[in-house]
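For reference, the structure is listed below as structure tokens.
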Amino acid sequence: MIARRTQAELEKMRRSGQVLHEVLHRVQALVRPGASTWQLEEAADAAMRELGATSAFRGYHGYPCVLCVSVNEQVIHGIPSRKRLLQPGDIVSLDCGVVVDGYYADHAVTVIVGEAEAVPASRRKLLQVTEEALQAGIAQARAGNHLGDISHAVQSYAEAAGFGIVREFVGHGIGTHLHEDPQVPNFGSAGSGPKLRPGMVLAIEPMFNLGGPGVAVLADGWTAVTTDGEASAHFEHTVAVTDNGPWVLTGA
């Protein structure tokens with residue numbers, strides 16, 4: 001069953017989303033050559049405590065950290081490490097979730113380490129297209145549309161650019177739990193799936209690969225990587241369907 005939130009609940013989720021936006025903003029400011037991914041983890045943890053949030057990720061099915069830091073060919077669920085130091089030209093996906101007053105928010109961005117010019121144009125395009133695909137998906141999160149309209153909009157962006165669409169991991173409903181119904185794939189047919197109604201809240205999260213769509217999970221049981229070693233990008237917002245259109249709860 002797909003939950004629908006009252007306006008009061010959406011206001012609480014907006015508060016959770018704002019806290020998460022601030023957490024990721026602070027973490028992004030620390031992304032630089034020589035920084036360890038563990039430093040980013042510590043910064044996220046400290047920001048959550050200061051802002052009155054708890055982690056949605058740490059302990060979830062045994063995940064050990066508050067932040068996922070996925071570098072280059074890592075797609076999602078990269079585990080922060082004191083040994084992994086960021087290098088100029090790396091691209092880094094930061095994925096974080098928080099709980100505030102019992103309501104969850106989920107948000108991800110992918111950023112370049114150091115000067116953008118140090119990154120091949122193909123990688124810069126990967127980031128641009130993946131973020132634009134997220135915006136295209138959000139634009140379809142309107143009452144009366146179908147879930148497949150979101151998926152189709154995201155898929156169209158990837159295919160037009162020739163990027164691989166990750167199919168093993170998808171977006172999801174979110175509210176009083178991190179993962180709720182429905183799943184939100186990054187591929188699908190327009191007009192298919194459940195009709196979107198006011199009060200539904202969805203985490204929309206395109207994951208595109210520079211090469212093929214294949215992914216594999218490393219021996220740590222978490223880190224998903226591309227099978228061809230090409231780079232991957234991930235953007236995500238928590239979005240409410242309202243009578244007035246999409247409401248990006250994790251936006252600025």
Please check if any side-chain donor atom of [X] sits under 3.5 Å from a side-chain acceptor atom of [Y], or the reverse.
| X | Y | value |
| --- | --- | --- |
| Ser232 | Asn209 | yes |
| His179 | Tyr60 | yes |
| Glu159 | Gln155 | yes |

- Item | Full working for salt bridge (Lys or Arg N to Asp or Glu O under 4.0 Å) between Glu11 and Arg15 | CA-CA 6 Å; Glu11 294 289 348; Arg15 171 60 184 154; over 6 Å; no

- Is Gln18 atom CD crowded by more than 12 heavy atoms from other residues, nucleotides or ligands, each under 6.0 Å away?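 Yes, the 6.0 Å shell around CD holds more than 12 heavy atoms from other groups.
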
Using atom types as modelled, flag every donor-acceptor pair under 3.5 Å from a side chain in residues 91-102 to any protein atom, sequence neighbours excluded.
{"residue": "Ser93", "atom": "OG", "partner": "Thr110", "partner atom": "OG1", "Å": "2.8"}

Do the side chains of [Y] and [X] get nearer than 4.5 Å, heavy atoms only?
| X | Y | value |
| --- | --- | --- |
| Met200 | Val239 | no |
| Ile204 | Glu236 | no |
| His107 | Thr238 | no |
| Pro33 | Val113 | yes |
| Arg32 | Leu86 | no |

- Just how far is it from atom CD1 of Ile174 to atom OH of Tyr103, taken to the nearest 0.5 Å?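 So the CD1 of Ile174 and the OH of Tyr103 are separated by 12.5 Å.
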
- Looking at CE of Met48 and CG of Leu67, how far apart are the two atoms once the value is rounded to the nearest 0.5 Å?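 Atom-to-atom, Met48:CE and Leu67:CG are 7.0 Å apart.
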
- Query: Do NZ/NE/NH1/NH2 and the carboxylate oxygens of Glu42 and Arg49 come within less than 4.0 Å?
  - Reply: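 Looking at Arg49 together with Glu42, the answer is no, because their closest N to O distance does not fall below 4.0 Å.
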
- Message: Check Arg14 with Glu9, please: is the shortest side-chain N to carboxylate O separation under 4.0 Å?
- Response: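 So Glu9 does not pair with Arg14 through a salt bridge.
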
- Task: Mind jotting down which residue pairs meet the salt bridge (charged side-chain N to carboxylate O under 4.0 Å, His left out) criterion with at least one end in residues 115-144? Sequence neighbours excluded, please.
- Result: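 Of all non-adjacent pairs touching residues 115-144, none passes salt bridge (charged side-chain N to carboxylate O under 4.0 Å, His left out).
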
Let me have the donor-acceptor pairs involving side chains of residues 184-198, under 3.5 Å, with sequence neighbours excluded, atom names and distances please.
{"residue": "Asn186", "atom": "ND2", "partner": "Glu205", "partner atom": "O", "Å": "3.1"}
{"residue": "Ser192", "atom": "OG", "partner": "Ser189", "partner atom": "O", "Å": "2.6"}

- Taking every non-hydrogen atom, the tightest pair across Tyr104 and Thr176: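 Residues Tyr104 and Thr176, closest heavy atoms: CE1-O, 3.2 Å.
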
- Message: So which atom in Cys65 and which in Ile79 form the shortest heavy-atom distance, rounded to 0.1 Å?
- Response: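 Minimum heavy-atom contact is SG-CG2, 4.1 Å.
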
- Task: Could you go through the side chain to side chain contact (heavy atoms under 4.5 Å, CB included) check for Phe163 and Leu210 one step at a time?
- Result: CA-CA 5 Å; Phe163 294 143; Leu210 190 57; 3.5 Å; yes

- Item | Selection residues 241-252 - residue pairs positive for side chain to side chain donor-acceptor pair (under 3.5 Å), sequence neighbours left out |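 Qualifying pairs: His237-Thr250.
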
- Item | Members sharing Leu85's hydrophobic cluster (side chains within less than 4.5 Å) |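 Listed partners: none, Leu85 stands alone.
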
- Message: Working note: His234 + Phe169, criterion ring-ring contact (aromatic ring centres under 6.0 Å, His included); need CA distance, chi angles, decisive distance, verdict.
- Response: CA-CA 11 Å; His234 177 207; Phe169 302 98; 9.5 Å; no

- Message: Please enumerate all residues that pass side chain to side chain contact (heavy atoms under 4.5 Å, CB included) together with Arg84, with sequence neighbours excluded.
- Response: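 For Arg84, the residues satisfying side chain to side chain contact (heavy atoms under 4.5 Å, CB included) (neighbours in sequence not counted) are Thr37, Val71, Asn72, Gln74, Ser81.
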
- Cluster check Ile138, Leu249: I/L/V/M/F/W/Y, side chain < 4.5 angstrom: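 In one cluster: no.
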
